[in-house]
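This report concerns only the one structure given below.
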Amino acid sequence: MMEIFFETKDVFQLKDLEKIAPKEKGITSMSVKEILQSLVDDAMVDSERIGTSNYFWAFPSKALHARKRKLEALETQMVETNQKKKTLQQNVEKAKVGRQDTEERSKLAEELASLRHQRDQFKSELDKYKECDPDVIEEIRQSNKVAKEAVNRWTDNVFAVKSWAKKKFGFEESKIDKTFGIPEDFDYID
């Protein structure tokens, strides 16, 4: 399709291309519109609506200029990437200065590892005694209080439903308890 534009260096309408493309390039006339739209979407072919007609064109010079611009952009990107690489290599070299493996450095590294190990041991020992921490104990008491209130609220709800069922249907309390699996000693928690 691009060869048609480049060889003729002319402007076409869709109906002209649907006639020319099958004869000259063997492109089926049914797919000409789709191919042309794809080329327009990729900015390889220009199009303009003038009045009620759509005109399509592509000149070799535009394709050449587009390739040159892309090449320049890639070259610029390559220069920037190489500059970044040099900077990173210089930073690595700077970071290596003063980090040579010396006897003092290896002793300090061993001491650091030993201190980290000791810190981990202290943390694990502290975790063992966490359950005796007054803050943790107070938090447990508060959660127990909330849980007790929730249990009593649901107990109250169960008694309310039992009372309603007795009044509404005239069931005996023992029969309701047995049917719904409510234990005999079911009561509020103090």
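All of these numbers come straight from a predicted model, not from anything done at the bench.
One N or O on the side chain of Asn152 and one on the backbone of Ile189 form a donor-acceptor pair closer than 3.5 Å. Checked by atom type and distance alone, the side chain of Thr8 pairs as donor or acceptor with a backbone atom of Ile4 at under 3.5 Å. When atom types are taken as modelled, the side chain of Ser38 and the backbone of Glu34 share no donor-acceptor pair closer than 3.5 angstrom.
In this structure, Ile137 CD1 and Asn144 CG are separated by 12.0 Å, a value rounded to the nearest 0.5 Å. Leu112 CG to Arg116 CZ: the interatomic distance, rounded to the nearest 0.5 Å, is 4.0 Å. One finds the CD atom of Gln37 at 9.0 Å from the CG atom of Asn54 (value rounded to the nearest 0.5 Å). To the nearest 0.5 angstrom, Leu39 atom CG is 11.0 Å from Asp46 atom CG. Between the CG atom in Asn91 and the NZ atom in Lys84 there is a gap of 12.5 Å [rounded to 0.5 Å]. To the nearest 0.5 Å, atoms CD (Gln83) and NZ (Lys86) are separated by 6.0 Å.
Linking ILVMFWY side-chain heavy atoms closer than 4.5 Å, directly or via other members, places Val161 and Phe159 in two distinct hydrophobic clusters. Met30 and Ile20 sit in two unconnected hydrophobic clusters of ILVMFWY residues. Membership requires side-chain heavy atoms under 4.5 Å apart, directly or through other members. Cluster membership check: Phe186 does not share its hydrophobic cluster with Val151, using side-chain heavy-atom separations under 4.5 Å among Ile, Leu, Val, Met, Phe, Trp and Tyr. Hydrophobic clustering of Ile, Leu, Val, Met, Phe, Trp and Tyr side chains at less than 4.5 Å, counting indirect connections, unites Trp164 with Ile176.
Nearest approach of Ala58 to Met2, heavy atoms of both residues: CB-CE, 4.1 Å. Here the shortest heavy-atom pairing between Val45 and Leu36 reads CG1-CD1, 4.2 Å. The heavy-atom pair separating Pro22 from Leu17 by the smallest distance is CD-O, 4.0 Å.
A 6.0 Å sphere centred on CD of Glu139 holds no more than 12 heavy atoms belonging to other residues, nucleotides or ligands. In this structure, Glu172 places its CD atom where only 12 or fewer heavy-atom neighbours from other residues, nucleotides or ligands lie under 6.0 Å away. At most 12 heavy atoms of other shown residues, nucleotides or ligands fall within 6.0 angstrom of atom CZ in Phe180. Around atom CD of Glu3, no more than 12 heavy atoms belonging to other residues, nucleotides or ligands sit under 6.0 Å away.
Of the listed residues (Arg67, Lys68, Glu75), just one forms a side-chain contact (heavy atoms from CB on, under 4.5 Å) with Leu71, and that residue is Glu75. Tested against Gln121, the residues Glu125, His117, Gln118 include a single side chain to side chain donor-acceptor pair (under 3.5 Å) partner, His117.
You'll find the side chain of Val11 stays beyond 4.5 Å of the side chain of Glu48, heavy atoms only. Between Ser47 and Val40 the shortest side-chain heavy-atom distance falls below 4.5 Å. Between Leu14 and Lys33 the shortest side-chain heavy-atom distance falls below 4.5 Å.
A side-chain donor from one of Asp156 and Tyr188 sits under 3.5 Å from a side-chain acceptor of the other. Looking only at atom types and distance, the side chain of Gln142 has a donor-acceptor partner in the side chain of Glu138 under 3.5 Å away.
Electrostatic pairing of Glu173 and Lys162 counts as a salt bridge here, judged by a charged N lying under 4.0 Å from a carboxylate O. Classification of Lys25 and Glu7 as a salt-bridged pair holds, one side-chain N sitting under 4.0 Å from a carboxylate O. For the pair Glu149 and Arg153, the salt-bridge criterion is not met [side-chain N within less than 4.0 Å of a carboxylate O].
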Inset, instruction - Check the pair Lys107, Glu111 against salt bridge (charged side-chain N to carboxylate O under 4.0 Å, His left out), reporting the backbone distance first and the verdict last. - result: CA-CA 6 Å; Lys107 283 181 183 178; Glu111 187 180 341; over 6 Å; no
Inset, instruction - Could you give me the CA-CA distance, side-chain angles and deciding distance for Thr81 and Met78, then say whether side chain to side chain contact (heavy atoms under 4.5 Å, CB included) is met? - result: CA-CA 5 Å; Thr81 305; Met78 189 174 82; 5.6 Å; no
Legend entry - Derivation and outcome, side chain to side chain contact (heavy atoms under 4.5 Å, CB included), residues Trp57 and Asp10: CA-CA 7 Å; Trp57 69 92; Asp10 202 358; over 6 Å; no
Inset, instruction - Kindly determine whether Phe5 and Phe56 satisfy ring-ring contact (aromatic ring centres under 6.0 Å, His included), including the steps that lead there. - result: CA-CA 9 Å; Phe5 288 110; Phe56 301 93; 7.6 Å; no
